[in-house]
Visitor: 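Could you have a look at this structure, given as structure tokens, before my questions?
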Amino acid sequence: MTIRFILSEYVDRAIAQAIYDKLEDGTFTGRIPVCKGVIAFASTLRECEDELRSILEDWILLGLKLGHSLPMIDNIDLNKEPTLEPMDTV
């Protein structure tokens with residue numbers, strides 16, 4: 001039995017599409033073009049990556065809560081209604 005964590009996969013694949021730039025003042029910015037408004041700024045590239053992941057996670061959770069349509073990333077569609085599987089009694 002393979003366990004899949006769809007939200008973790010979505011975040012990982014979105015982060016893989018991130019674009020980072022070094023600004024004139026030596027700081028960094030990161031963004032995920034397919035996820036409108038997901039952008040981060042930080043002093044180092046590592047901090048920027050961490051901040052971008054955090055912002056993305058918040059963006060996803062808020063989007064799901066508000067019922068916004070989220071972009072499909074690598075065939076992962078978070079907009080689908082969840083399907084419930086029957087649980088066997090223990």
Side-chain angles (χ1 to χ4, degrees):
M1 173 184 221
T2 302
I3 298 175
R4 291 185 61 214
F5 298 100
I6 194 163
L7 191 55
S8 296
E9 286 182 38
Y10 187 91
V11 169
D12 289 343
R13 292 179 186 192
I15 288 293
Q17 295 181 12
I19 297 170
Y20 298 95
D21 293 306
K22 189 170 186 177
L23 303 177
E24 290 179 13
D25 65 357
T27 62
F28 292 85
T29 183
R31 61 188 170 88
I32 302 170
V34 71
C35 301
K36 302 292 182 204
V38 177
I39 187 168
F41 299 91
S43 299
T44 67
L45 181 56
R46 182 67 184 147
E47 288 172 0
C48 190
E49 291 171 337
D50 292 343
E51 183 68 13
L52 190 64
R53 178 176 290 271
S54 177
I55 290 168
L56 174 64
E57 290 169 351
D58 290 345
W59 182 84
I60 292 167
L61 294 176
L62 183 62
L64 291 173
K65 181 175 181 170
L66 296 177
H68 293 172
S69 179
L70 300 175
M72 191 165 33
I73 297 178
D74 289 345
N75 294 321
I76 299 174
D77 187 357
L78 296 182
N79 301 301
K80 293 181 183 176
E81 286 293 320
T83 56
L84 303 176
E85 295 183 20
M87 293 184 56
D88 296 325
T89 56
V90 180

Visitor: Quick check: is Ile15 connected to Phe41 through a chain of hydrophobic side chains (ILVMFWY, heavy atoms under 4.5 Å apart)?
Guide: no

Visitor: Who pairs with Pro33 by side-chain contact (heavy atoms from CB on, under 4.5 Å), at least two apart in sequence or on another chain?
Guide: Ile19, Arg31

Visitor: Mind running side-chain contact (heavy atoms from CB on, under 4.5 Å) on Ile60 and Cys35 for me, showing each step along the way?
Guide: CA-CA 9 Å; Ile60 292 167; Cys35 301; over 6 Å; no

Visitor: Name all residues meeting the side chain to side chain donor-acceptor pair (under 3.5 Å) criterion together with Asp25; count only those two or more places apart in sequence or in a different chain, and write none if there are none.
Guide: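 Partners of Asp25 under the side chain to side chain donor-acceptor pair (under 3.5 Å) test: Thr27.
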
Visitor: Taking side-chain contact (heavy atoms from CB on, under 4.5 Å) as the test, write out the residues that go with Ala42, two or more places apart.
Guide: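 By the side-chain contact (heavy atoms from CB on, under 4.5 Å) rule, Ala42 matches Glu47, Cys48.
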
Visitor: Per the salt bridge (Lys or Arg N to Asp or Glu O under 4.0 Å) rule, what does the pair list look like for residues 12-22, sequence neighbours excluded?
Guide: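 The answer is Glu9-Arg13, Asp12-Arg53.
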
Visitor: Kindly compute the distance separating CG (Leu78) from CG (Leu64), expressed to the nearest 0.5 Å.
Guide: 6.0 Å

Visitor: Taking all heavy atoms of Phe28 and all of Thr44, pick out the closest pair and write down the distance.
Guide: CD1-C, 3.5 Å

Visitor: Please answer: with hydrophobic residues joined when any side-chain heavy atoms are less than 4.5 Å apart, are Leu7 and Leu70 in the same cluster?
Guide: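 Both belong to a single hydrophobic cluster.
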
Visitor: Return the set of residues passing side-chain contact (heavy atoms from CB on, under 4.5 Å) with Ile55 (not counting sequence neighbours), or none when no residue passes.
Guide: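 Residues passing side-chain contact (heavy atoms from CB on, under 4.5 Å) with Ile55: Val38, Ala40, Glu51.
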
Visitor: What heavy-atom pair brings Ala14 and Leu56 nearest, and what distance separates the two atoms?
Guide: CB-CD2, 3.6 Å

Visitor: List the atom of Val34, the atom of Pro71, and the distance in Å for their closest heavy-atom pair.
Guide: O-CG, 3.4 Å

Visitor: Check the hydrophobic clustering (I, L, V, M, F, W, Y; side-chain heavy atoms under 4.5 Å; chains of links allowed) and say if Tyr20 and Val11 are grouped together.
Guide: yes

Visitor: Can you sort out the partners of Asp50 under side-chain contact (heavy atoms from CB on, under 4.5 Å), two or more places apart, ordered by chain and number?
Guide: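 Testing Asp50 for side-chain contact (heavy atoms from CB on, under 4.5 Å), a comparison that skips the adjacent residues, returns Arg46.
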
